[in-house]
Amino acid sequence: MTIIITMQFLIVSGFFGSGKTTLILELARELFLNHKKKLAIIVNDIGEVGIDDKVMKSYGLNVKEMFGGCICCEIAVNLPTTIKTLKENYNPDLVILEPSGVADAFNVNKVLDSMNGIGLEVLPVVTLFDATQLDLLLASYPFIIKQLKSADLVLINKIDKISDPSYLKDVEEEIRKINEKANIMQISALRKSNINKVVENLFA
Amino acid sequence: MKILDKPSVFAAEINLEFSKTRTIEELKEVFRELVLRLFEVSSVNDKLVGHIKIYSEGKNGSSIRANLTGSIKNLTVITNGNEGESKLKVWINVITFMIKEEELLKCVKDAIMKFVEDNKGIIKSFGLSISDAHENHENELAF
C-alpha cells in the first residue's frame, strides 16, 4: 500500500519556560509568510486554564488544545484523535505540537509510530533549552535530560540574555554529553535571532 | 535546594476591574509587578524551577503576556494593542517544583488578592482550577 504524505508533524519540546510558545509563534510567522504553509498547532498545558493556546489564537493561528495533565501520560488516547480531527476539519500542511514542560518527545513519537497510514511525515524533534538554566542541566534534572536525549535538533534559546560566549560553549558541551548526535543551534526566539536558520534546518 | 518530583500547579481565570482606565504602559507595569509578587511566593532563594505565565485580554482589545522562569532577569512582558483598559480577563498559571502544591495555592491566591487591593482593583470572579495528572515520574531530587 502506498501512503501519501499529506501532513508534516513537528514536535517542539522543552522544559517550562524554555520558550516553546515564543519559538512556535516565530516559526509560524516565518513558515506562513515565506513558505506559504497552512499551519495548525496542538497545545498541551498543565493546568486547566490554557494560556499558550490563547496567546497563539490572538496571533490568528489555528490551535487545538489538549488539557488535563501532561501529554506524555495522556497522549495515547488524545493525540491520535486530535490529529485526525485537525486533518478532517482543517487539513493543514504542517502540525506543530507543543507538549507540556514535562513531556518527553520519545513517548509522543511512539504514539505517532502507531498511527500507520494517516500520512504523517514526522520532522526532526526539536528540544529547546533555556541557556540561563545551566544549573538544571548540571544537576541532571530528569525531565530535561529525557527531553534532550529525545532531540534531533537542540535549540539553546535566550542567548540574548547571556553576554559571556564561553558560558554558551559550556552549555553546548554539557548538552553534547547528553546527546552526541543532535544538531545544536543557538537562538533567541524573543529577538527573532536565527529563526530562519532553524526553518532551513528543519525543512531543507 | 530541594526539587519536587512533580510540579505543583496553580491555574486561575480572573475577571478584574480597575477603578479607572489604565494605559497600555501602565498595564505593562501592573503585570510586571504581579509577576514579581508571584515569583516571590513561588521561588526559593530567588530561583524558580517552573514558570509563571500570565495572559490578559481587555474589553478594548489590548492583550498582555507576561512570563518568568528561572530568575527575575528572565521576566518578559509583551503587549499587543494600544488601547487602555479597565476591565480585563486574566489567566494565571504558576508551576513550581520548589514548594508543595497546597502551600503554593494559598500563597499565590493571597498574593493576587493583595496585588488587586494595592492596585485599586476589584475581582469580579475568580475561577481556580487544579490539574495534576503527572504522577509517575522520578522521586524527589536535591541539587
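Lettering follows sequence order; numbering is per chain, from 1. Quick caveat: nothing in here was measured; it's all calculated off a predicted structure.
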Decide yes or no on side chain to side chain contact (heavy atoms under 4.5 Å, CB included) for B:Lys47 and A:Asp135, but give the supporting numbers first. CA-CA 11 Å; B:Lys47 171 90 184 159; A:Asp135 52 348; 2.9 Å; yes
Give the intermediate values and the outcome of side chain to side chain contact (heavy atoms under 4.5 Å, CB included) for residues A:Lys158 and B:Thr69. CA-CA 12 Å; A:Lys158 305 187 188 179; B:Thr69 187; 3.2 Å; yes
Under the side chain to side chain contact (heavy atoms under 4.5 Å, CB included) criterion, do A:Val102 and B:Phe97 qualify, and how do the steps go? CA-CA 11 Å; A:Val102 284; B:Phe97 287 76; 3.7 Å; yes
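For chain A, no part of B:Leu68 is nearby; none of its heavy atoms comes within less than 4.5 Å. With a threshold of 4.5 angstrom between heavy atoms, A:Leu138 does not approach chain B through any atom at all.
With rounding to the nearest 0.5 angstrom, the CZ atom of A:Phe16 is 10.5 Å from the CG atom of B:Leu48. Between B:Ser71 atom OG and A:Lys161 atom NZ the span is 8.5 Å, to the nearest 0.5 Å. Taking CZ of B:Arg65 as the reference point, atom OH of A:Tyr59 lies at 6.5 Å (rounded to 0.5 Å). Atoms CG and CG, from A:Asp52 and B:Asn93 in turn, are 8.0 Å apart once rounded to the nearest 0.5 Å. Atom OH of B:Tyr55 and atom OG1 of A:Thr21 lie 12.0 Å apart (nearest 0.5 Å). The line from CD1 of B:Ile95 to CZ of A:Phe15 is 9.0 Å long, rounded to the nearest 0.5 Å.
At a cut-off of 3.5 Å, with distance as the only test, a side-chain donor of A:Thr132 or B:Asn74 sits close to an acceptor on the other residue.
Other residues, nucleotides and ligands place more than 12 heavy atoms under 6.0 Å from the CZ atom of B:Phe115. For NZ of A:Lys149, the number of neighbouring non-hydrogen atoms (other residues, nucleotides, ligands) closer than 6.0 Å is 12 at most. For B:Asn82, the CG atom is loosely surrounded, since the number of other residues' heavy atoms within 6.0 Å does not exceed 12. Counting heavy atoms of neighbouring residues, nucleotides and ligands inside a 6.0 Å radius, atom CD of A:Glu173 exceeds 12 of them.
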Report, one line per pair, each donor and acceptor closer than 3.5 Å where one atom sits in a side chain of residues 197-204 of chain A; sequence neighbours left out.
none

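With a 4.5 Å cut-off on side-chain heavy atoms, B:Val49 and A:Phe143 do not count as touching. B:Ile78 is listed as a side-chain neighbour of A:Leu190, based on a closest heavy-atom distance under 4.5 Å. Using a 4.5 Å cut-off on side-chain heavy atoms (C-beta onward), A:Lys54 and B:Lys89 make no contact.
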